[in-house]
Protein chains: 2
Amino acid sequence: MTDIFRALADESRRELLDRLFADNGQTLSALCTDLAMSRQAVSKHLAVLEAANLVAVRRRGREKLHYLNPVPLAQIVRRWIGKFGDVRLQTLLDVAEERKPKRRRKPPAQSGAGSPSNS
Amino acid sequence: MTDIFRALADESRRELLDRLFADNGQTLSALCTDLAMSRQAVSKHLAVLEAANLVAVRRRGREKLHYLNPVPLAQIVRRWIGKFGDVRLQTLLDVAEERKPKRRRKPPAQSGAGSPSNS
DNA sequence: CAATTAGGCAACCATATGGTTGCATGTCAA
DNA sequence: TTGACATGCAACCATATGGTTGCCTAATTG
């Protein structure tokens, strides 16, 4: 848990995940392009992501290919976030709905159940 | 995003959320009971959670009541985590399933697709 | 009112974190 | 074989983080 959240708690690392999502299996130097930090910094970030199991690597000769691993994300959803509150089913179905907009259900009414809302 | 993930990236804070989930609207000192850290530490943690909008507060006299706010959790799911990969719909529906045990539920088999977890 | 209770503020400390630079190593290609 | 390219390692630095202690203020309550 902690590893995953810590890994995600950094904008640069989330961007790296985004990049891998857009184009999986990139090398370190490929991931460095257009980033405003040194290769070493990126390398460290990737190490953190790797330690959190959010990124898997494969070596090809002198290159290191990085692959996104979404499983831990799914895990924190189901094993941790999912447990909180009524929003749970609500929102999850909401997202599912959003995903396959086949049939319409009730408009997702965010009824403030327990706590004052804002955001 | 960052605030939320950072807030979640600490075991103590996650435990505080757990406690609020178990019993919402607790005061600071109530939340301190049986915790192995000083009141000040807890107070700081709550401040972080508050800043991340994961906890909302209400004052009652000299007391400060803390309420869990699950909305940001739902947001990071739908706005960030949800975007990654096929696991998305898969897992979300999976959780939803788990939620409403229509028929007999299988023993909660942790399908460990990825990594040995810790905590 | 006086004592107690709930919480806030500020300083301080050790360690973690994100970043840098410099150099070393491994691998591919001419 | 000799370089150029891809990555790794290590030291270093500034700041953030999690935690402590001490004291202060504001409500309650006897």
Side-chain angles (χ1 to χ4, degrees), chain A residues 1-20 23-69 72 115-116, chain B residues 1-20 23-69 72 118-119:
Chain A
M1 283 285 91
T2 303
D3 308 341
I4 301 175
F5 280 124
R6 288 204 81 87
L8 293 174
D10 184 278
E11 176 67 34
S12 307
R13 281 191 294 261
R14 289 199 303 273
E15 186 171 340
L16 286 173
L17 290 183
D18 279 338
R19 287 180 166 227
L20 286 181
D23 182 11
N24 211 5
Q26 294 183 68
T27 69
L28 170 59
S29 17
L31 284 168
C32 284
T33 58
D34 294 322
L35 282 191
M37 55 183 143
S38 72
R39 180 177 54 84
Q40 302 302 332
V42 176
S43 180
K44 279 194 187 179
H45 282 308
L46 288 172
V48 172
L49 291 170
E50 212 177 317
N53 202 23
L54 286 161
V55 160
V57 297
R58 210 189 87 214
R59 305 208 86 115
R60 188 181 58 189
R62 59 180 164 179
E63 297 180 321
K64 191 179 186 183
L65 307 181
H66 298 79
Y67 297 89
L68 187 118
N69 176 25
S115 52
Chain B
M1 282 289 89
T2 302
D3 307 342
I4 302 175
F5 280 124
R6 288 203 79 88
L8 293 175
D10 185 279
E11 175 66 35
S12 306
R13 284 192 290 264
R14 289 200 302 274
E15 186 172 341
L16 286 173
L17 291 183
D18 278 338
R19 286 180 169 230
L20 286 181
D23 182 11
N24 211 6
Q26 294 183 67
T27 68
L28 170 59
S29 17
L31 284 168
C32 284
T33 57
D34 294 323
L35 282 192
M37 57 183 142
S38 71
R39 181 175 54 84
Q40 302 303 330
V42 175
S43 181
K44 279 193 185 180
H45 282 309
L46 287 172
V48 172
L49 291 170
E50 213 177 317
N53 202 23
L54 285 161
V55 160
V57 298
R58 212 188 87 213
R59 306 207 84 116
R60 187 180 58 188
R62 61 179 163 178
E63 296 180 322
K64 192 178 186 184
L65 306 181
H66 299 79
Y67 296 89
L68 187 116
N69 177 23
N118 32 35
S119 135

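Every heavy atom of this structure was used, including side-chain atoms; hydrogens, water molecules and symmetry mates were not. By convention in this document, chain letters (A, B, ...) are assigned in the order of the sequence lines, proteins followed by strands, and residues within each chain are numbered from 1.
Atom NZ in A/K44 sits about 14 Å away from atom P in D/dG8, given to the nearest Å. In this structure, A/H45 atom NE2 and D/dG8 atom C1' are separated by 17 Å, rounded to whole Å. When the P atom of D/dG8 is taken as reference, atom CG of A/L46 falls 9 Å away, rounded to whole Å. Look at CZ on A/R60: it is 14 Å from C1' on D/dC5, rounded to the nearest Å. Summarising the geometry, the separation between CD on A/Q40 and C1' on D/dG8 is reported as 7 Å, rounded to the nearest angstrom. When rounded to the nearest whole Å, the span between CG of A/L65 and P of D/dA6 equals 12 Å. Computed from coordinates, the B/R62 CZ to D/dA27 P distance equals 10 Å when rounded to whole Å.
As judged by a 4.0 angstrom heavy-atom cut-off over every strand, A/R6 is placed among residues touching the sugar-phosphate backbone only. Note on A/S29: only backbone sugar-phosphate atoms sit closer than 4.0 angstrom, heavy atoms only; bases stay farther off. Within 4.0 Å of B/E63, counting heavy atoms only, lie sugar-phosphate atoms of the nucleic acid but no base atom.
When every heavy atom of A/L68 is checked against every heavy atom of A/N24, the shortest pair comes out as N-OD1, 2.9 Å. The two residues A/Y67 and A/L20 have their closest heavy-atom pair at C-CD1, 4.3 Å.
Taking the 5' to 3' direction, DNA chain C first and last meets chain B under 4.0 angstrom from a heavy atom at C/dT5 to C/dC9.
Using a 4.5 Å heavy-atom threshold, the side chains of B/E15 and B/L35 count as touching.
Between the side chains of A/T27 and A/R60, not a single donor N or O lies within less than 3.5 Å of an accepting N or O.
Every salt bridge (charged side-chain N to carboxylate O under 4.0 Å, His left out) that B/D18 has, sequence neighbours left out, goes to A/K83. For B/K44, there are no salt bridge (charged side-chain N to carboxylate O under 4.0 Å, His left out) partners, not counting sequence neighbours.
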Could you check A/E50 against A/K64 for salt bridge (Lys or Arg N to Asp or Glu O under 4.0 Å), going step by step and ending with a plain yes or no? CA-CA 12 Å; A/E50 212 177 317; A/K64 191 179 186 183; 3.4 Å; yes
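Take the nearest nucleotide of DNA chain C for A/G61 and for A/V42: the residue whose nucleotide is more 5' is A/V42. Summary of the strand contacts: A/A9 and B/K64 both lie near DNA chain C, and taking for each the nucleotide with the nearest heavy atom, the more 5' one is attributed to B/K64.
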